[in-house]
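Chain identifiers are assigned alphabetically (A, B, ...) following the order of the sequence lines, protein sequences preceding nucleic acid strands; residue numbering begins at 1 within each chain.
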Number of protein chains: 2
Amino acid sequence: MEPSAPSRRVTIVDVARHAQVSTTAVSKVLRNAYGASPEMRAKVRRAIDELGYRPHAGARGLRGQTYTIGVMLPDIRNPFFPEILDGITGSLEDTEYQVLLGPGCNGEKAEARVTEAMIDRRMDGIIMIAPVSPRAHLEQVASSVPTVVVGRHGSSPVYDTVVDDDVEGASLIVDHLAGLGHRRIAHIEHRETDPTRRAEMPNARRADGYRQAMRALGLAESIDVVSTSYTQEGGYKGAKELLARPRLPTAVFAGADIVAMGVLEALAEAGLSVPGDISVAGYDNTTFAALGPISLTSVDQAGHEIGRNAARLLLERIADRRRPSVQVRLSPTLVPRRTTARPPE
Amino acid sequence: MEPSAPSRRVTIVDVARHAQVSTTAVSKVLRNAYGASPEMRAKVRRAIDELGYRPHAGARGLRGQTYTIGVMLPDIRNPFFPEILDGITGSLEDTEYQVLLGPGCNGEKAEARVTEAMIDRRMDGIIMIAPVSPRAHLEQVASSVPTVVVGRHGSSPVYDTVVDDDVEGASLIVDHLAGLGHRRIAHIEHRETDPTRRAEMPNARRADGYRQAMRALGLAESIDVVSTSYTQEGGYKGAKELLARPRLPTAVFAGADIVAMGVLEALAEAGLSVPGDISVAGYDNTTFAALGPISLTSVDQAGHEIGRNAARLLLERIADRRRPSVQVRLSPTLVPRRTTARPPE
DNA sequence: CTGAAAGCGCTAACAC
DNA sequence: GTGTTAGCGCTTTCAG
C-alpha cells in the first residue's frame, strides 16, 4: 500500500464511458434531475456501483451545489450543543447533504473566520449556533448563503431563527422553587453590556424571565441578581457574593448548569448542605446535571428539536431563497432533581 | 439586504484586471510560489485587499489544494476531545489551513461516511481521533489522503500515529493507590472482543497496564477486573458487581471518568462514602472530574500536546507524502483529587 | 520573471 | 430523452 498515492480517481467521464452514455446523462442521474429514462438510470447506476464512483464535491460546487452544510458551534465544550447537533445530523442523514462543523468559534473574530471559510468552500447552507457576532455580520453571511441562526432572539428578514423560550424557562425554575415554598430566590446572570446582545442573547432573557416571574408571584422585593459570567468560576464568585449578604437566599437559580457547579462548590466550602440549607437550580440540562453525585435540577431546552427545526428550515431556504424568513420558538421543560427541595423551616 | 442574493463574487480574474497583471501572477502570489517580483507581489496584494478577494477553495482543489483539514471525532460528547481539538486548531491557525470537523462518528459505518465525505471534498489531510474502524479501512483512507491517527496503538506504514501511553497511565493510578496503602484495587474495563481492537484500542491497554502494575507491586492475587463498558451505566453496573463480592475492594480504578461517575452513584446508593470507605479513580481528566462536588482523581492525557503533534505530523506528511511513518507516544500525568485517600483501617 | 492556454470534474444551456 | 458544448475559478504547464 502506497502512502497517499495520488492514484487517479474515477470521474464522471469514466462512468459515462463505462455505461456508454454521455456525461450529462450521468450528471442527471446523480442529481435525480429530469430527462433520463428509467433504463438509462439503471444503466448509469450500475456503472456507478461497478466503478465505485463518488462525485467530487468541489467540482460540483463550481457549477451547482457542494452538498455540504456548515454548522458553527461557539464552544465544543458546551455539553448542550451535542443535542442540537444530533438533531441536525439526524435530519440530514437521509439526504445527500453532509454536515461539517466549524470548530472553536469563541469570539467574533473566530466566528468571522469560520463563516468566511464556509462561504469560501461554497457550502450550500450554514447553521450558526448561539453566535456572538453583531447582527450586521450575521446578515452579511446570510446575504451570501442560506443561513439559520440558533439561540439568538430577534428576527431578521434574511435569516431564519430557532430559539428556545428563555423567559419561559426561567419562570419554570422560579415557579418550581416558589412552589416548594421559597421566597428569597437569587439569580446569577451572565454580565452583558452590549445593548444589541442584551436584547438578543439567551442569557439576558433568562434574567428578564427571572425578574418577570418573581414579580408575577408578588416577590418583587426579593429580586436579587448577581452579575458574573456563565462559567464555573462565575458561579463560584456569584455564590461567594450571595454568601456575604446579610440574609442568605434560600434558593439560587444559576443561569447555566456550569454556573451551578461553581455555586455548589462555594456552598460546600461554606459548609452549607444542598438542598437542606439552600436549593440550587441550573439551566440547560447538560450531561453533568444528570450525573448521580450532582443530580441538578435544570431546564431542558429540547436540543434535539432545535436541531431538527434548524435543519428543516435550512433545507427549505436552500430550496427557495426568497421565502419569507421564519422564526421558530420552542418551549423548554423543567427537570427537577435532588438539588431543590423545600426551604429550611 | 437581499436574502442570499447570488451576487457574483470577486474572482481571480477581477483581481488580475484590477492589478493589470495575469491571473497566473495572482495565483503565484496567493500561493507564495516562485516567480513573482516583489513589486508584482505588492501590486497584487493591494488589488486583493481593495477588492476584498478571497479564493474559492473548491476551485483551487480542482488543480491544487483545498487548504482544508478534516478532523474526525467519534463522539463530540467526550469531554476529552476538545483539548485535542484545541491543540490542532491552535497549531493550524497561523497557517492557510482551515479545520473542519466531521460530526457524530460513532460506529464504523458513520466513520466511513465521514471519511468518504472528506475525501470527496478533497481535503488536504485527515486526522482521525480514536477511530473504531478496522485497520484496513484506516489504511485505505490513508492511501488516498495524508492521515494521522490519534489514540490507536499499533503502527502502519501509511499513516502516522499519536497516542498517549495508556499502560503508563494505568500504572500511575495503581501506584498512587498502592502508595496510599490500598491492596485490593479493582478495575472496571471496557469489554472488547475484537482481537485487532484489543491490541490497538486504549481501553484494552489500560486494563493491561492495570494488571502489569498490580503484578509489579506483588499484588497479583488481588487483580480483579470487571468488564462492562465505558459509559456511566457501565460504571454503575460494574460497581454493583463489585459490591456483590464477598470482600469489597478498598479502591476502584475506573477506565474512564464517565465510568467513575456511575461508580460514585452506585456507591452512594449503597451508603458507602468516598473516599472514607472506598477510593475511586478515573481516567481522562475530563471537565467533570474537576467539578467541585466531584473532584475525581484522574489521569491527564495532555490532550493539547496530542493535538499539536497530530497537526505537526499531518503538515509534514502533506509536504512529503513519502516520508516514513512516525509514531509519537506521549506520557500522561496523575491528577490526584479528593476521591482517593488511605483505605479504612 | 511573466503570461497565454489547457484542463481539473462537473453542471447548465442548448441543441438535436 | 439524449448528447454536445461551454464554462465555473483556479493552478499548471510551457512559451516567451
Side-chain angles (χ1 to χ4, degrees), chain A residues 6-45 47-48 51-68 96 117 119-124 144-145 318, chain B residues 6-44 47-48 51-68 96 117 119-124 144 318:
Chain A
S7 61
R8 212 180 66 74
R9 259 179 67 123
V10 177
T11 74
I12 200 172
V13 178
D14 301 317
V15 176
R17 195 154 34 209
H18 191 84
Q20 316 238 50
V21 298
S22 69
T23 58
T24 310
V26 179
S27 174
K28 280 174 178 163
V29 174
L30 285 178
R31 290 173 292 119
N32 282 314
Y34 172 82
S37 62
E39 307 84 65
M40 166 143 282
R41 285 186 194 283
K43 206 161 47 169
V44 171
R45 290 246 164 70
I48 288 177
L51 299 179
Y53 167 72
R54 293 201 319 259
H56 177 163
R60 300 182 88 170
L62 227 47
R63 296 302 300 249
Q65 301 185 233
T66 56
Y67 299 94
T68 310
E96 292 242 43
I119 292 172
D120 294 346
R121 282 158 186 76
R122 293 295 187 282
M123 297 205 174
D124 296 332
S144 82
V145 53
I318 288 172
Chain B
S7 61
R8 213 179 66 75
R9 264 179 64 124
V10 177
T11 74
I12 200 172
V13 178
D14 301 318
V15 175
R17 195 154 35 207
H18 191 84
Q20 317 238 50
V21 298
S22 70
T23 58
T24 311
V26 179
S27 175
K28 280 175 178 162
V29 174
L30 284 177
R31 290 173 292 117
N32 284 314
Y34 173 82
S37 62
E39 308 84 63
M40 166 145 280
R41 286 184 192 284
K43 209 162 45 169
V44 171
I48 288 177
L51 298 178
Y53 168 72
R54 294 201 316 261
H56 176 164
R60 300 183 89 170
L62 228 44
R63 295 302 299 245
Q65 300 185 234
T66 57
Y67 299 94
T68 309
E96 292 240 45
I119 292 171
D120 294 346
R121 283 158 186 76
R122 294 293 188 282
M123 297 203 174
D124 296 332
S144 82
I318 288 172

Got a list of side-chain donor-acceptor pairs under 3.5 Å for residues 18-25 of chain B, not counting sequence neighbours?
from    : atom 1 : to      : atom 2 : distance (Å)
B:His18 : NE2    : B:Glu50 : OE1    : 2.7
B:Ser22 : OG     : B:Thr24 : N      : 3.4
B:Ser22 : OG     : B:Ala25 : N      : 3.1

Listing time: all N or O pairs from protein to nucleotides 14-16 of chain C that are below 3.5 Å?
none

Practice task
Please round to the nearest 0.5 Å and tell me the distance separating atom NZ of A:Lys43 and atom CZ of A:Arg41.
Solution key: 13.0 Å

Practice task
Quick one: pull up CE in A:Met123 and CG in A:Asp120 and give me the separation to the nearest 0.5 Å.
Solution key: 10.0 Å

Fill in the blank from the handout: Applied to residues 14-32 of chain A, the salt bridge (charged side-chain N to carboxylate O under 4.0 Å, His left out) test, sequence neighbours excluded, yields A:Arg8-A:Asp14, A:Asp14-A:Arg17

Compile the donor-acceptor pairs under 3.5 Å between side chains in residues 59-67 of chain B and protein atoms, sequence neighbours left out, one pair per line.
from    : atom 1 : to       : atom 2 : distance (Å)
B:Gln65 : NE2    : B:Tyr97  : OH     : 2.9
B:Gln65 : NE2    : B:Asp124 : OD2    : 3.2
B:Thr66 : OG1    : B:Arg122 : O      : 2.7
B:Thr66 : OG1    : B:Asp124 : OD1    : 3.3

Practice task
Tell me which of B:Glu39 and A:Thr24 sits closer to the 5' end of DNA chain C, going by the nucleotide each one is nearest to.
Solution key: B:Glu39

Is the closest side-chain heavy-atom distance between [X] and [Y] below 4.5 Å?
X	Y	result
B:Leu30	B:Tyr53	yes
A:Arg45	A:Val29	yes
A:Ser27	A:Ile12	yes
B:Ile119	A:His56	no

Between the protein and nucleotides 7-10 of chain C, which nitrogen or oxygen pairs are less than 3.5 angstrom apart?
from   : atom 1 : to      : atom 2 : distance (Å)
C:dG7  : N3     : B:Arg63 : NH1    : 2.9
C:dG9  : N2     : A:Ala59 : O      : 3.3
C:dC10 : OP1    : A:Tyr53 : OH     : 2.4
C:dC10 : OP1    : A:His56 : N      : 3.1
C:dC10 : OP2    : A:Ile12 : N      : 2.3
C:dC10 : OP2    : A:Tyr53 : OH     : 3.4

Problem - Angle of first-five versus last-five pair axes in the helix from C:dC1-D:dG16 to C:dC16-D:dG1, to 10 degrees - result: 40°

Problem - Touch class at under 4.0 angstrom, heavy-atom based, for A:Ala36 against every strand present - result: sugar-phosphate

For [X] and [N], give me the distance from atom [atom1] to atom [atom2], rounded to whole Å.
X	N	atom1	atom2	result
B:Arg17	D:dC10	CZ	C1'	15 Å
B:Gln20	C:dT2	CD	C1'	15 Å
B:Tyr34	D:dT13	OH	P	16 Å

Problem - Partner set under side-chain contact (heavy atoms from CB on, under 4.5 Å) for B:Ala57, not counting sequence neighbours - result: A:Arg121

